[in-house]
Amino acid sequence: MADTQRPSLPVTLDDVKAAAMIIAGQVQNTPLSHSKTLSSITGAEVWVKFENHQYTAAFNERGALNKLSKLTEEQKKRGVIAASAGNHAQGVAHHARRLGIPATIVMAETTPFNKVQHTRDHGARVVLEGLIFDEAKDYALALAEKEGLTFIHPFDDIDIIAGQGTIALEMLEANPELDTLVVPIGGGGLISGIATAAKALKPDIKIFGVEAAMYPCMHAALNGKTPKMGGATIAEGIAVKEVGKITRQFAEQLVDDILLVEEEHLERAITLYADIEKTIAEGAGAAGLAALLAHPTRFYGRKVGLVLCGGNIDTRLLASVLTRALVRENRLARIRIIGDDRPGLLALVSKIIGDQGANIMEVAHNRIALDVPAKGAEFDILIETRDSQHTQEVVDALTMAGYPPRSM
């Protein structure tokens with residue numbers, strides 16, 4: 001996709017450097033840290049840019065502040081409006097309040113509750129409209145025209161793109177040896193800015209974009225395909241159905257390839273960030289790591305910079321992801337035991353499980369299942385173990401005691 005003979009693009013390295021001067025001291029120069037464990041798991045030398053350390057826990061502050069700083073006084077007085085899945089909303093709302101600019105944010109009705117509440121906490125008027133970003137955007141554009149507000153596009157804007165590109169300046173300053181950057185793609189503003197700065201500073205660097213497999217809009221656009229899109233992806237921050245007209249130009253000329261990741265890889269990446277890096281990543285924020293897990297041969301031995309672009313995940317969803325990881329690893333297992341309906345049976349089974357060092361999380365007692373004898377009882381027991389081998393040891397112990405678990 002990348003082409004060394006490329007026409008001029010509307011954002012340059014000088015624009016990104018100018019944006020860096022504007023936002024300096026107002027957003028965080030977030031850490032870029034090497035992860036020995038993630039490097040061992042993926043086979044690449046992994047460096048993580050922790051954009052979830054921003055005040056709003058996402059990279060979007062950079063572009064939002066750069067754009068807001070360039071508005072005329074009349075535009076600032078009238079106010080601004082944005083459409084967002086959450087992170088752009090918070091970036092605009094936060095810095096608009098700092099600059100004394102009235103802000104209205106239109107968010108899809110499916111936006112996680114925490115993102116909606118945080119946006120309101122930043123002082124913005126929040127309007128919930130539509131089921132996906134594109135529907136929220138259409139409503140925001142209509143409202144902007146009706147109320148005379150300036151629309152702050154989340155990605156298809158040269159000032160937004162330049163602001164996001166400051167991430168690449170910081171990454172290559174912190175580690176000039178990086179030879180690959182892996183960047184999540186929604187509408188494409190983040191990767192457009194990063195690719196602009198990175199390719200200008202280091203022309204041979206590889207830029208990989210990552211999309212959720214349910215929403216492969218940029219991948220399809222660059223390959224001349226009509227994608228099938230839709231579904232409840234955990235990476236709602238990059239779940240858009242249409243890429244930007246401006247950002248598509250950058251992707252065509254500067255991005256080396258776009259990789260698709262399934263939900264399982266996104267979930268595993270979120271879990272690894274929590275378990276290994278002790279940090280919170282939302283689905284979109286974990287997409288870069290998910291790409292390394294899904295396509296390891298593409299990155300083996302390379303010095304890879306991952307952009308952990310956001311950490312705004314609903315706590316209930318995070319709990320579900322972490323719990324599902326335990327099930328995948330067989331550290332949570334549900335077993336079904338059929339026995340006589342007599343006093344002390346559950347205590348006996350519990351003792352066998354406890355003697356094996358496992359922990360009982362839940363017990364469901366069923367006496368009326370038709371595949372159980374009238375004088376029998378059925379127990380569904382959820383146990384927590386160390387790993388698959390430990391689970392098997394519990395099953396073997398129950399079997400030896402005369403209570404072989406049935407598969408569920």
Side-chain angles (χ1 to χ4, degrees), residues 27-28 30-33 35 38 42 46-64 84-91 94 111-112 114-115 118-119 133 154-155 164 166-168 170-171 181-191 193-194 208-215 218 232-240 258-294 304-322 325:
V27 301
Q28 295 293 320
T30 54
L32 178 74
S33 300
S35 175
L38 292 181
T42 63
V46 176
W47 296 73
V48 181
K49 179 66 168 170
F50 289 93
E51 282 296 287
N52 60 339
H53 287 196
Q54 295 292 352
Y55 179 74
T56 61
F59 75 95
N60 309 70
E61 289 188 36
R62 297 170 181 268
S84 171
N87 292 335
H88 176 64
Q90 293 182 63
H94 169 54
T111 302
N114 66 320
K115 291 184 178 181
H118 290 165
T119 304
F133 164 76
F155 50 83
Q164 320 305 27
T166 59
I167 294 173
E170 294 173 6
M171 293 180 77
L181 301 182
V182 186
V183 186
I185 296 182
L190 176 61
I191 199 167
I194 286 178
F208 287 88
V210 187
E211 290 184 307
M214 289 184 180
Y215 291 87
M218 186 70 82
T233 177
I234 196 173
E236 78 285 338
I238 54 175
V240 302
I258 297 175
L259 306 175
L260 304 181
V261 293
E262 301 290 346
E263 297 299 296
E264 180 178 350
H265 293 114
L266 290 166
E267 289 189 35
R268 187 181 174 208
I270 291 171
T271 302
L272 288 175
Y273 273 132
D275 284 349
I276 294 170
E277 297 301 322
K278 312 305 178 188
T279 195
I280 302 301
E282 60 187 273
L289 177 56
L292 267 65
L293 299 173
V304 178
L306 300 180
V307 182
L308 198 175
C309 60
N312 290 306
I313 186 171
D314 182 78
T315 51
R316 180 183 59 82
L317 179 57
L318 176 61
S320 176
V321 169
L322 297 179

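Treat the numbers as computed from the prediction; the structure is a model and nothing was measured.
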Looking at every heavy atom in both Met218 and Glu211, which two are closest together, and how far apart are they? N-OE2, 2.8 Å

Using side-chain contact (heavy atoms from CB on, under 4.5 Å) as the criterion, point out the one residue from Ile238, Val261, Leu308 that pairs with Pro184. Ile238

Do you know which two heavy atoms are closest between Ala291 and Leu259, and how far apart they sit? CB-CD1, 4.3 Å

On a heavy-atom basis, which atom in Met171 and which in Leu32 lie closest, and how many Å separate them? O-CD2, 3.5 Å

Atom CZ of Phe50 and atom OG1 of Thr279: how far apart are they, to the nearest 0.5 Å? 5.5 Å

Would you say Tyr273 and Val48 make side-chain contact, with heavy atoms under 4.5 Å? yes

Determine, step by step, whether Val183 and Phe208 satisfy the side-chain contact (heavy atoms from CB on, under 4.5 Å) criterion, reporting the C-alpha distance in whole Å, the side-chain angles of both residues, the deciding distance to 0.1 Å, and the verdict. CA-CA 6 Å; Val183 186; Phe208 287 88; over 6 Å; no

If you measure from CD1 on Ile280 to NE2 on His53, what distance do you get to the nearest 0.5 Å? 10.0 Å

State which residues pass salt bridge (Lys or Arg N to Asp or Glu O under 4.0 Å) with Glu277; sequence neighbours excluded, sorted by chain then number. none

Would you check if Phe155 and Leu190 make a side-chain contact, meaning some heavy-atom pair closer than 4.5 Å? no

Between Gln54 and Thr30, does the side chain to side chain donor-acceptor pair (under 3.5 Å) criterion hold? Intermediate values first, please. CA-CA 7 Å; Gln54 295 292 352; Thr30 54; 4.6 Å; no

Going by the salt bridge (Lys or Arg N to Asp or Glu O under 4.0 Å) test, which pairs reach into residues 51-63, not counting sequence neighbours? Glu51-Arg62, Arg62-Glu170

Derivation of the side-chain contact (heavy atoms from CB on, under 4.5 Å) call for Tyr215 and Val240: CA-CA 6 Å; Tyr215 291 87; Val240 302; over 6 Å; no

Donor-acceptor pair, distance only, cut-off 3.5 Å: does the side chain of Ser35 make one with the backbone of Leu38? yes

Can you list every pair that meets side-chain hydrogen bond (donor to acceptor under 3.5 Å, both in side chains) and has a residue in residues 307-321, with sequence neighbours left out? Asn87-Asn312

Counting C-beta onward and ignoring hydrogens, is there a side-chain heavy-atom pair between Ser33 and Trp47 closer than 4.5 Å? no

State whether the side chain of Gln164 and the backbone N or O of Gly63 hold a donor-acceptor pair below 3.5 Å, judged by distance alone. yes

Exactly one of Ile270, Leu266, Thr42, Val46 should register a side-chain contact (heavy atoms from CB on, under 4.5 Å) with Leu289. Which one does? Thr42

Asn60 side chain to Ala89 main-chain N or O, any donor-acceptor pair under 3.5 Å? no

Can you tell me how far the OG1 atom of Thr119 sits from the NE2 atom of His88, to the nearest 0.5 Å? 10.5 Å

Using side-chain heavy atoms (C-beta onward) and a distance below 4.5 Å, is Val307 in contact with Val182? no

Taking the side chain as C-beta and beyond, is there a heavy-atom pair between Ile258 and Val210 under 4.5 Å? no

Could you report the tightest heavy-atom contact between Gly283 and Ala235, atom names first, then the distance? C-CB, 3.7 Å

Given side-chain contact (heavy atoms from CB on, under 4.5 Å), test Ile194 with Leu181 step by step and report yes or no. CA-CA 9 Å; Ile194 286 178; Leu181 301 182; 3.7 Å; yes

Minimum side-chain heavy-atom gap Leu272-Leu293 below 4.5 Å: yes

Where do Ser84 and Thr111 come nearest, in terms of heavy atoms and distance? O-OG1, 4.3 Å

Scanning both residues in full, the closest heavy-atom pair of Glu282 with Gly311 reads OE2-N, 3.4 Å

Given side chains that start at C-beta, do those of Leu306 and Leu292 come closer than 4.5 Å, heavy atoms only? yes

